[in-house]
Amino acid sequence: EKAFSRAVFVGGSAALVLNGNTIANCSYKDGSGAALYYEAIKNKPPESVTVYFNTFINNTSPGRGSELFLRMRSSPQIYNCTFINEDCKNELIMILFEVVAEFPDTYDSFYFKDCNFNNYFFIYAENKYQPEYEYKEVSMFGVNFISCKDFPLNFSDVHAITFSECVFE
């Protein structure tokens with residue numbers, strides 16, 4: 001059964017550690033981030049955001065970043081997370097940078113099971129101040145796609161790609 005609310009909202013550039021949690025069956029109908037919506041603000045220095053060892057199951061929202069939507073002033077750390085039974089209408093994770101920042105290019109220990117990506121990549125980063133950001137290298141370490149469909153791994157504009165200990169089943 002769906003809970004018609006967002007699981008976690010964090011505003012005001014607060015430091016955030018989301019570790020070892022299970023967030024399941026949340027549905028936010030008015031935007032992004034059914035599991036987590038994080039918002040940095042302009043007049044406060046950026047704090048660190050770390051999301052690891054979490055399980056996200058069947059959370060939905062119509063906006064970009066249906067699971068995690070992060071409006072950031074610095075790069076977050078997101079790793080070793082599990083996503084189960086996702087039917088993507090857009091990217092699962094959306095990072096919107098409010099300042100010039102380093103885009104994430106290393107994906108470590110993500111586990112996807114029974115997910116339909118509908119040809120959306122699982123993570124997307126955007127920066128209104130760097131619209132033409134060019135990835136030089138993308139690395140995936142221990143990323144597993146188990147019983148998933150329509151997941152695009154099209155890296156035509158990347159100079160180097162590394163897959164290490166990944167599973168495509």
message: Could you go through Asn58 and Asn25, starting from their C-alpha distance and side-chain angles, then the distance that decides it, and tell me whether this counts as side chain to side chain donor-acceptor pair (under 3.5 Å)?
response: CA-CA 5 Å; Asn58 196 34; Asn25 299 316; 3.0 Å; yes
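- Going from atom CG of Leu16 over to atom OG1 of Thr50 covers 7.5 Å, rounded to the nearest 0.5 Å.
- A donor-acceptor pair under 3.5 Å links the side-chain atoms of Arg6 to the main chain of Ser32, judged by distance alone.
- Ser164 has its side chain within reach of Phe141: a pair of non-hydrogen atoms, C-beta onward, lies under 4.5 Å apart.
- Looking only at side-chain heavy atoms (C-beta outward), Cys166 and Phe145 stay at 4.5 Å or farther from each other.
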field: Stepwise side chain to side chain contact (heavy atoms under 4.5 Å, CB included) test for Asn85 and Cys115
entry: CA-CA 5 Å; Asn85 195 31; Cys115 295; over 6 Å; no
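- Residues Val8 and Tyr38 form no side-chain contact, since every pair of their non-hydrogen atoms from C-beta on lies 4.5 Å or further apart.
- For Ser61 against Gly33, the heavy-atom pair with the smallest separation is OG-N, 3.5 Å.
- A distance-only check finds a donor-acceptor pair linking the side chain of Asn144 to the backbone of Gly142 [under 3.5 Å].
- Looking at residues two or more places apart in sequence or on another chain, you find a side chain to side chain donor-acceptor pair (under 3.5 Å) between Asn118 and Asp87, Asn116.
- Scanning all heavy atoms of the two residues, the minimum distance from Phe97 to Ser74 falls at CE2-O, 3.6 Å.
- When side chains are defined from C-beta on, Thr55 does not count as touching Tyr111, because their heavy atoms never get closer than 4.5 Å.
- Interatomic distance, OG1 of Thr60 versus OH of Tyr28, reported as 12.5 Å (0.5 Å rounding).
- One hydrophobic cluster, built from ILVMFWY side chains closer than 4.5 Å, holds both Ile123 and Met140.
- In this structure, OG on Ser147 lies 5.0 Å from CG on Asp114, to the nearest 0.5 angstrom.
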query: Please walk me through it: do Leu36 and Asn54 pass side chain to side chain contact (heavy atoms under 4.5 Å, CB included)?
result: CA-CA 12 Å; Leu36 170 64; Asn54 295 288; over 6 Å; no
- request: Please test Val143 against Phe163 for side chain to side chain contact (heavy atoms under 4.5 Å, CB included), starting from the C-alpha separation and ending with a verdict.
  value: CA-CA 8 Å; Val143 177; Phe163 293 101; over 6 Å; no
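- Pairing each heavy atom of Ala35 with each of Ala7, the nearest pair is O-CB, 3.3 Å.
- Checked by atom type and distance alone, the side chain of Asn80 never pairs as donor or acceptor with a backbone atom of Tyr52 at under 3.5 Å.
- Summarising the geometry of Glu126 relative to Arg64, their closest heavy-atom pair is OE1-NH1, 3.5 Å, with the distance given to 0.1 Å.
- Taking CD1 from Ile57 and CD1 from Ile23, the interatomic distance works out to 10.0 Å, rounded to the nearest 0.5 Å.
- For an aromatic pair to be called close, the ring centres must be under 6.0 Å apart, and Phe117 with Phe112 satisfies this.
- When side chains are defined from C-beta on, Tyr37 counts as touching Arg71, because their heavy atoms get closer than 4.5 Å.
- Remark: the backbone N or O of Cys26 is paired with a side-chain donor or acceptor of Asn59 at under 3.5 angstrom.
- Side-chain atoms of Val10 and Val49, non-hydrogen and from C-beta on, never get closer than 4.5 Å to each other.
- Note that the CE atom of Met94 and the CG atom of Leu68 stand 12.5 Å from one another [nearest 0.5 Å].
- Counting heavy atoms from C-beta outward, Tyr120 and Lys89 have side chains that stay 4.5 Å or more apart.
- The distance between the ring centers of Phe83 and Phe122 does not fall below 6.0 angstrom.
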- request: Evaluate side chain to side chain contact (heavy atoms under 4.5 Å, CB included) for Phe110 paired with Ile78, printing each intermediate quantity in order.
  value: CA-CA 9 Å; Phe110 284 93; Ile78 306 169; 3.8 Å; yes
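- Ring-plane geometry between Phe151 and Phe168 is classed as parallel, the angle between the planes falling under 30 degrees on a 0 to 90 degree scale with a further cut at 60.
- Here the OH-CD1 distance, from Tyr124 to Ile95, works out to 11.5 Å after rounding to the nearest 0.5 Å.
- Within a 6.0 Å sphere centred on NZ of Lys149, heavy atoms belonging to other residues, nucleotides or ligands number 12 at most.
- The closest donor-acceptor contact from the side chain of Ser13 to the backbone of Ile41 lies under 3.5 Å.
- Taking the six-membered ring where tryptophan is involved, the planes of Tyr107 and Phe121 are perpendicular, since the angle between them exceeds 60° and thus also 30°.
- Between Lys29 and Pro62, the closest heavy-atom pair is O-CG, 3.4 Å.
- With a 4.5 Å cut-off on side-chain heavy atoms, Val51 and Pro76 do not count as touching.
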